[in-house]
Amino acid sequence: MDERRYEPKQIEPKWQEIWAREGTWEVSNDPENTDHREKSYVLEMLPYPSGEPHIGHLKNYALGDAIAHFHRRIGRRVLHPMGYDAFGLPAENNAIKTGVHPRVATDRSIAAYRHWFHRWGISIDWSRELGTHEPSYYRWTQWIFLKLFERDLAYRKTAAVNWCPNDQTVLANEQVIDGRCERCGHLVEVRQLEQWFFRITDYADRLLEDLGTIDWPEHVKAMQRNWIGRSEGAEVVFGCEELGIDYPVFTTRPDTLFGATFFVMAPEHPDVFRLAEGTEHEREVHEYVNRALTETPEQRGAVDKPKTGVPLGRTVANPVNGEQIPMFVADYVLMEYGTGAIMAVPAHDQRDYDFAVAFDLPIRQVVAAQGADGQDGQDGAFSAHTENEVLINSEAFSGMNAVEGQQAIVEWLDREGKGHFSVNYKLRDWLVSRQRYWGCPIPIVYCDSCGMVPVPEEQLPVELPNIEDYQPQGRSPLAAAEDWVNVACPNCHGPAKRETDTMDTFVDSSWYYLRYCDARNDHAAWDRRVLRRWMPVDQYIGGVEHAILHLMYSRFFVKALADMELLDVQEPFQALFTQGMILGPDGNKMSSSKGNVIAPSDIIERFGADAARCYVLFIGPPDQDAAWATTGIEGVHRRLLGRLWRLADELADRGGGKPTNAEEPVDPEGDALTIVRKAHWAIDKVTRDMATRFAFNTALSAIIELINEIYRYPHADPQARRFAAGTAASLLFPFAPHLGAEAYEMLTGRRVWEEPWPDADPERLQTETFELVCQVNGKVRDRVNAPTGAARDELERLCLESRGVQAHLNGQEIAKVIVVPDKLVNVVVR
RNA sequence: GCGGCGGUGGCGCAAUCGGCUGACGCGGUGCCCUCAAAAGGCACUGUCCUUCGGGACGUGUGGGUUCGAGUCCCACCCGCCGCACCA
């Protein structure tokens, strides 16, 4: 007798082959609009293909796949596509090192990813597969660029930009973390360069407001709000009479204007040298600025660093009272924020206060708590205005409530032409050009006579040429491809040159979810009507590391494209789920240098795809980080999958003339009823966990409980056990599709994915008795069986009669009895 | 400093609307099956006390509301994440 046991290697390929051959998960765009099922667009963030997928990918796609399967089974038409974010630096850096063309390396990785997605059994509509590096895709990336260019949302300007000397390219603000390149960790330099930008700042308010319309985790919304950094205040003009130049500053506290006792400029401010010229401080200013500019952002930004600065030898006039106040240059003022210059109010701002103390400058309090005698110094610098703050030392405005005073001061400034209400943002325009090869070419041509000319749509794509030398030299490697660079001007047909920068890869991934909807459209990026059938993405799933970059850029794209009437939604991702990381067994982030990497390929080899998928979901709440434990996957393999398989094997109808079935027995009794009830309980539990929250860990534990219950009654009616096992297989299918399909087929002869999601029968969720919790003064003293739905006084009687309660009453006086029907009775004694 | 999220057995965690704390899994202990092992099955497993009936305690700390608090309120401690000289 050969032993029969759960062998994923025999089960998994069988189903993968069927799904691949039949294209089971493909879904039509339904141009006739005949399919009236509710749509569901389930999407995981597309992978950057590098080597082989890692365990985080497995979790990401296991999560999305469970949702996709669940939605299909509850009767929705589900779009669940896959693609690859295939342009990018790692493949190019690899090419520099090894000479292997980035396309070759990328396509090799893509093949590996595709292979593994099949072996994981992810239910993907493969007919929509795409790679952002394919001309059939980036043709439309270029088209979108041109659309943005037409609307002046893509533009070129010279600006101080972040330059990574290691990667030899510029970076977006969002790609600079603590002054370092987010990719290679090298210190970033600031350079004045002419670059391409997308005008995302035009959308700052809408990006902020519409966060209220989407179902995203609070922390992601908070990060976006933070990044947009909207603050309301006023722009106030300080004039330097000696040079006849006006300097506007931004302030959120215009009510403190009368307390401004000096004025500070950032070292990067373009007028600093000009102001100092000819004054006794000229040399000192040069030295200070040069020193400040060579400091690393970490050094300069150190929180407890003492305030430094140098006088400029000039004064500006405070617009509210004409007072001449001295100007300084100091590195605590940032060129990137506001106007690069500030009015300093040491009485009400900690930083200004610190500077004033260091340079012995006057401190004048202008806001005080009402009734107080004005001794609170610099307190309240950042605190919001309270109702009882009043202005003092503020001429005509003295005595006014601070909130009203602020309003009045700005209105007065506005009338005088010296200021106005203003809103400031931390968000900058998105720098999109990169001096690198492996990216989407920018479809622009420079002509000596016509200037900057967009490549006509019908000439797209501008294909990336093959080159020999990928080494960046401060300009794009494409600049060396002369055959490609030199081109006839589309306008005058004279000699012209192509733009040699490529686009940030975040441009590619900002619209891929739109292309999936109509992935094989050769005539357009998409058909607007098809988009209407699918967009927005109903459930987006990915890592929190994209909270700002990818997710903000995509939102900007959708809003801009909606404004062009190219699509009909305002937000790309209606709901977002951010998964936690799988950490190494040592609790640290997995990395090859720590030697704690768990390779999915090893895991699947040992335990199969179903066990791997279930384990990454069972390990804990899916939005939390969790450490990998090999004993954990063994548990899932044994207690969940192995035991279900054995049940199916034991209970399967093996012919015998009867049709196989796992129908619910009609009138189960005794143990059979207990098992049937547990099955309905599990249906209800799993359904609620999936539909109302992402509690896959508890859904799986409910399925384990059901399986345990079937084991507990080995001699119960086989039909009841078969029904329960079939239910377990059906419920397990979204998590472990191979075993779910296999066990279901063994028990019923049918394909589980063609079956509707089971319904919990409310009658079966009800029991005729329940365990009544009997408390005395809130402590549990007994539990007794009571009829479900019993009257309050009946429950009270049962409780009072119970042995445990009797023992604790000791003849004490009963003050009160609390009855919670079908749950508990609490006897309060004195 | 600002914003967000957490703190429950030896471990991961569960308790969904204020009602039995610790579901489920891991780990541990004992037993069954076996010539033996593997595999598998069954049972027990928060701490302390116990006359073995049971009892006391227990959800970061301290207070409060309540018949009843892991859950609500106040104050605080600790940890993680994001932002941060943002005017």
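Note on naming: letters A, B, ... go to the chains in the order of the sequence lines (proteins, then strands), and numbering restarts at 1 for each one.
A/Glu336 comes within 4.0 angstrom of nothing in the nucleic acid, heavy atoms only. Residue contacts for A/Val249: at a heavy-atom cut-off of 4.0 Å it reaches no nucleic acid atom on any strand shown. Nucleic acid contact class of A/Ile704 (heavy atoms, under 4.0 Å, all strands): sugar-phosphate only.
Looking only at distances, no side-chain donor or acceptor of A/Arg688 sits under 3.5 Å from a matching main-chain atom of A/Ile683. Proximity of a side-chain donor or acceptor of A/Arg613 to a complementary backbone N or O of A/Phe735 within less than 3.5 Å is detected. Looking at A/Asn826, its side chain never comes within 3.5 Å of a backbone N or O of A/Ile818 through a donor-acceptor pair. When atom types are taken as modelled, the side chain of A/Arg364 and the backbone of A/Ala347 share no donor-acceptor pair closer than 3.5 angstrom.
Between B/rG55 and B/rA38, the two P atoms lie 41 Å apart (nearest whole Å). Going from the P atom of B/rG79 to that of B/rG25 covers 34 Å, rounded to whole Å. Remark: the separation of the P atoms in B/rA15 and B/rC24 is 13 Å, to the nearest Å. When the P atom is compared between B/rG10 and B/rG22, the two are found 15 Å apart, to the nearest whole Å.
Every residue meeting the ring pair (Phe, Tyr, Trp, His ring centres under 6.0 Å) condition with A/Tyr332, not counting sequence neighbours, appears here in chain and number order: A/Phe355. For A/His269, the ring pair (Phe, Tyr, Trp, His ring centres under 6.0 Å) test picks out A/Tyr247, with sequence neighbours left out. Residues forming a side-chain contact (heavy atoms from CB on, under 4.5 Å) with A/Asp246 (at least two apart in sequence, or on another chain): A/Val237. By the ring pair (Phe, Tyr, Trp, His ring centres under 6.0 Å) test, A/Tyr713 is found to be paired with no residue, residues two or more places apart in sequence or in another chain being considered. Residues passing the ring pair (Phe, Tyr, Trp, His ring centres under 6.0 Å) test with A/Tyr615 are A/Trp628, sequence neighbours excluded.
Checking B/rA87, B/rC85, B/rC13 against every side-chain atom of A/Asp331, the shortest atom distance belongs to B/rC85. Taking only side-chain atoms of A/Leu334, from C-beta outward, the nucleotide of B/rG19, B/rA87, B/rA23 with the closest atom is B/rA87.
For A/Arg643, a side-chain nitrogen or oxygen approaches OP1 or OP2 of B/rC42 to under 4.0 Å. OP1 or OP2 of B/rG25 sits under 4.0 Å from a side-chain N or O of A/Asn708. For B/rC67, one of the phosphate oxygens OP1 or OP2 lies less than 4.0 angstrom from a side-chain nitrogen or oxygen of A/Lys816. Contact annotation: A/Lys779 side-chain N/O to B/rC57 OP1/OP2 distance is under 4.0 Å.
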Which nucleotides of RNA chain B pair, in dot-bracket form (Watson-Crick or G-U under 3.5 Å, | meaning another strand): (((((((..(((......[....)))((((((.......))))))((((....))))..(((((..]....))))))))))))....

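Remark on RNA chain B: of its neighbouring residues A/Ile548 and A/Glu771, the 5'-side contact belongs to A/Glu771, judged by nearest-heavy-atom nucleotide. Of the two residues near RNA chain B, A/Val820 and A/Ser231, the one whose nearest nucleotide lies more 5' is A/Val820.
Between the base of B/rC83 and the side chain of A/Asn226 there is no donor-acceptor pair shorter than 3.5 Å. Residue A/Lys426 places no side-chain atom within donor-acceptor reach of the base of B/rC83, judged by atom type and a 3.5 Å distance cut-off alone.
Of the residues in residues 615-623 of chain A, A/Phe618, A/Ile619, A/Pro621 come within less than 4.0 Å of RNA chain B through at least one heavy atom, sorted by number.
Residue pairs meeting the salt bridge (Lys or Arg N to Asp or Glu O under 4.0 Å) criterion with at least one partner in residues 695-708 of chain A, sequence neighbours excluded, are A/Lys678-A/Glu705. Identified under the side chain to side chain donor-acceptor pair (under 3.5 Å) test for residues 795-808 of chain A, with sequence neighbours left out: A/Arg781-A/His808, A/Glu794-A/Arg797, A/Arg797-A/Glu801.
Exactly one residue among A/Arg643, A/Arg5, A/Arg721 makes a salt bridge (charged side-chain N to carboxylate O under 4.0 Å, His left out) with A/Glu650. That residue is A/Arg721.
By the rule that a glycosidic angle within 90° of 0 means syn, B/rG22 does not qualify and counts as anti.
Inspection of the A/Asp689 and A/Thr698 side chains reveals an N or O donor paired with an N or O acceptor under 3.5 Å.
A/Trp430 and A/Tyr553 have parallel rings, their planes meeting at less than 30° on a 0 to 90° scale where 60° marks the start of perpendicular. The aromatic rings of A/His637 and A/Tyr6 lie tilted to each other, with the angle between the two planes from 30° to 60°.
Taking 4.5 Å as the limit, every side-chain heavy atom of A/Ile619 sits out of range of all side-chain heavy atoms of A/Asn697.
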Worked verdict on A/Val784 versus A/Cys774 for side-chain contact (heavy atoms from CB on, under 4.5 Å): CA-CA 8 Å; A/Val784 298; A/Cys774 304; 3.9 Å; yes

Just the atom pairs and distances: protein N or O near nucleotides 26-33 of chain B's N or O, under 3.5 Å.
residue : atom : partner  : partner atom : Å
B/rC26  : OP1  : A/Arg638 : NH2          : 3.2
B/rC26  : O2'  : A/Thr631 : OG1          : 2.8

Dump every N/O contact between nucleotides 4-9 of chain B and the protein below 3.5 Å, one line per pair.
none

With the criterion being N/O to N/O and under 3.5 Å, what pairs connect the protein with nucleotides 45-55 of chain B, and how long is each?
residue : atom : partner  : partner atom : Å
B/rG55  : OP1  : A/His808 : NE2          : 3.4

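Counting to the nearest Å, the P atom of B/rC81 and the CZ atom of A/Arg225 are 21 Å from each other.
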